[in-house]
Novice: 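If you scroll down you'll find the structure; I have some questions about it.
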Amino acid sequence: MSLRSVLLALVGLLPAAGCGFQPGAAELAWGLSAKSREELAEAPQAQSELARLLEQNFGTPADPRFPPAPQGGLAELKPERRAALERDNQTRGLAADHYPTPLESAELYRVHCLHCHGAAGAGDGPTAASINPKPRDFRKGIFKWAAVKDKARPRREDLTTILENGVYGTAMHSFARLPVAEIEGLADHVRLLSVRGEVETLAVNHFKEEDELDEELFGEHIDTVWSRWQRAESKFIAWEGEIPSDSPAMRARGRELYLDARKGNCVQCHGDAGKGDGPAAWKINAKGKKELAYLDDWGFPIQPRDLTQGIYRGGARPIDIYRRIYAGINGGPMPGIGETKNSQGGPLVSSDDLWALVHYVRSIPEGAGP
Amino acid sequence: MRRVWALLFAAFAALVVASFVHAPERGWWLPEGKSSFAPSTDALIRTILWVMGAFFVLTLGLLVLFIWRQGDGSNAARSDKSSDHRLELIWTVVPAGVLVWLALTQMDEWKAMKFSTPGAGEPIAEVWASQFDWRMRHPGADGRLGSADDWESPYEVVVPAGEEVRLRLRSRDVIHSFFVPAFRLKQDIVPGRAISVWFTAEAGEYDLVCAELCGWGHYKMAGRVRVLPPEEYQAFVQRQNALQLSGAEVSGR
């Protein structure tokens, strides 16, 4: 055997070796967040205790656990969704109530989500550096595109809707290709990471204030965070019946509210033409350069949506825009005006006026296309 | 050693031919054709495959033969002729003739796909490609695209079966390509341009994939074309038009 044939044989073997490369969930780790480690830098014992409690309650990527719903979310599905799941399972030749185990959901997350959102849901996967806007960091429990008010946690449907529809205008594309059961399993896992992250933050903050951290207290933290998630359903912004229809008069009324400094006041950030160039959204920094005035809850500069584009991250239906205007956008500076009161204690903006605003906003890109 | 090489090349040729023979039953081939273009496109693909296959077997066969007989580099059996004008003429003119013949035979097919797009007015939907997503805009109740009652559907475009369907392709960022393998239909989508495609398809659900490398997520830029019988399609569109103006929660599942 000459050297050349040995080399050739080695090159020939490369693809075989490469094809077998499968990083398993077992090689991933959650650990403590960088922020927790920084906050607890002086208390190495608390660090290791926190890591132990997190692992004891939420497991590891290879053995994920979710104390509030150890078997996953199958029992939480509403009847219609349950029916959709069963139909979908049957078309795939699976048992009607087929549902991924927590470990299978973690595996799905590893395959589809991890490369952007990171193993622990910190939005720090390997692809994250190359995308803008950044992938969501789930650990705050804040989700922008949810049909809920009062900065509530998202409902289960809000998570699955985002998975199925994607977030248009970002790198988060639709995962409608996946079976219903897998979408639900992914929602379970995202919730696990989110609750885990919130509990971690709560435990760190509590330790810094009270110097306490033990199993019982940790259990209480989980209950506290989980009760936030359970309130979501009661915070749903519903709209029953007909939506007041679009008309030139409605749009004109919407335009008035858009400009009205005491009511919509949208113009302040979104600008007169809706291009996201309003005066309040921008400032002149110390170097005399124009920069964005607001940061979002994750610390990134945030730009008001350019409404002329017709690209709506949280959905393009009128009801989606209605909910944005009603409740604002959690995690950013966009305020909601749906429940703001006027000086007499009545609603500042009637629901008809809200719809006028919706119709006006949706008419801005008309003809322009997204 | 030369016989080893000759056998190696012969084995390679046999492997290639065998893989084509077994491709359909192993699912290595295109999915079953489901559009009006499929029969003629498949006939064209088969013709080209046979022509190429014949030349492949011929050239590989000659290669194997020559290696087997003279692969050791000896000059013993070589002719001292430096060129053969007649032979060169044959191997130039015959393939050139085949290429011209292929170019002419596919003209009707090309004309039907690219220059016979039916109808005027609004397409059934606008297909917006972006990194790495398909999003469809439907004209809504007023039948006009670009108005406020348009509705969007992520991932999936729904069209009627057995009718001429026209879609308008748009890109938000880079070049993508609209490829529905079951329809044998592929069209690049160029930013800044509105390019139409058309087809007549059988009812069913078909994969839509991006066929132009468009960035890191190209591999997962998948969508679906759902073709419904006409009555079901009408009912679907009416339901979507109504849902657009309601507060009801919608999931396409």
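Just so it is clear, the values below take in all heavy atoms, side chains as well, and ignore hydrogens, waters and symmetry mates. Throughout, a chain's letter reflects where its sequence line sits, starting with A, and its residues are numbered from 1.
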Novice: Just checking, is any N or O donor in the side chain of A:R177 or B:Y155 under 3.5 Å from an acceptor N or O on the other one?
Specialist: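 A donor-acceptor contact under 3.5 Å links the two side chains.
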
Novice: Could you give me the CA-CA distance, side-chain angles and deciding distance for A:R81 and B:E249, then say whether salt bridge (Lys or Arg N to Asp or Glu O under 4.0 Å) is met?
Specialist: CA-CA 11 Å; A:R81 185 66 175 174; B:E249 297 212 67; over 6 Å; no

Novice: What is the minimum heavy-atom distance between A:S174 and B:D133, and which atoms define it?
Specialist: N-OD1, 3.5 Å

Novice: Is it the backbone or the side chain of A:I183 that comes under 4.5 Å from a heavy atom of chain B, or both, or neither?
Specialist: side chain

Novice: Given heavy-atom pairs under 4.5 angstrom as the criterion, report whether the side chain, backbone, both or neither of B:S246 touches chain A.
Specialist: both

Novice: Is it the case that more than 12 heavy atoms not belonging to A:F236 sit under 6.0 Å from its CZ atom?
Specialist: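 Atom CZ in A:F236 is packed in, count exceeds 12.
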
Novice: Among B:W151, B:F132, B:W134, B:W216, which has the most heavy-atom pairs under 4.5 Å with chain A?
Specialist: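 Top count of heavy-atom pairs under 4.5 Å with chain A: B:W216.
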
Novice: Could you check if a side-chain atom of A:E164 sits within less than 4.5 angstrom of a side-chain atom of B:P154, using non-hydrogen atoms only?
Specialist: no

Novice: More than 12 heavy atoms of other residues, nucleotides or ligands under 6.0 Å from CZ of B:F12: yes or no?
Specialist: no

Novice: Would you check if the side chain of A:R362 reaches a backbone N or O of B:S147 as a donor-acceptor pair within less than 3.5 Å?
Specialist: no

Novice: In Å, rounded to the nearest 0.5 Å, how long is the span from CD1 of A:I319 to CG of B:L245?
Specialist: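 So the CD1 of A:I319 and the CG of B:L245 are separated by 11.0 Å.
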
Novice: For the CZ atom of B:R135 and the CG atom of A:N165, what is their distance to the nearest 0.5 Å?
Specialist: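 One finds 6.5 Å between CZ of B:R135 and CG of A:N165.
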
Novice: Please rank A:E242, A:H115, A:E240, A:R87 by heavy-atom pairs under 4.5 Å with chain B and give me the top one.
Specialist: A:H115

Novice: List the steps, then state whether side-chain contact (heavy atoms from CB on, under 4.5 Å) holds for B:R172 with A:I311.
Specialist: CA-CA 11 Å; B:R172 272 189 44 222; A:I311 295 172; 3.4 Å; yes

Novice: With a 4.5 angstrom heavy-atom cut-off, could you sort out which part of B:D173 is near chain A: side chain, backbone, both or neither?
Specialist: neither

Novice: Between A:A84, A:G315, A:A176, which shows the greatest number of heavy-atom pairs under 4.5 Å with chain B?
Specialist: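 Max contact count across the listed options: A:A176.
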
Novice: Give, as side chain, backbone, both or neither, the part of A:I321 having an atom under 4.5 angstrom from any heavy atom of chain B.
Specialist: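 Neither part, no heavy atoms under 4.5 Å.
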
Novice: So which atom in B:L243 and which in A:R317 form the shortest heavy-atom distance, rounded to 0.1 Å?
Specialist: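 For B:L243 and A:R317, the tightest heavy-atom pair comes out as O-NH2, 2.8 Å.
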
Novice: Report, as yes or no, whether the 6.0 Å neighbourhood of atom CD on A:E339 holds more than 12 heavy atoms from other residues, nucleotides or ligands.
Specialist: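 Count over threshold, so yes.
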
Novice: How about NZ on A:K134, more than 12 heavy atoms from neighbouring residues, nucleotides or ligands closer than 6.0 Å, or not?
Specialist: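 Atom NZ in A:K134 is crowded, with more than 12 foreign heavy atoms closer than 6.0 Å.
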
Novice: Between CD of B:E152 and OH of A:Y312, what distance do you get to the nearest 0.5 Å?
Specialist: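 That separation rounds to 8.5 Å.
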
Novice: Between A:H173, A:H359, A:R323, which has the largest tally of heavy atom pairs under 4.5 Å with chain B?
Specialist: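 Of A:H173, A:H359, A:R323, A:H173 has the most heavy-atom pairs under 4.5 Å with chain B.
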
Novice: So with a 6.0 Å cut-off around CD of A:E80, is the heavy-atom count from everything else above 12?
Specialist: no

Novice: Does B:F236 have more than 12 heavy atoms from other residues, nucleotides or ligands lying within 6.0 Å of its CZ?
Specialist: yes

Novice: Any chance you could measure A:T170, atom OG1, to B:Q131, atom CD, to the nearest 0.5 Å?
Specialist: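 Interatomic distance, A:T170 OG1 to B:Q131 CD, rounded to 0.5 Å: 12.0 Å.
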
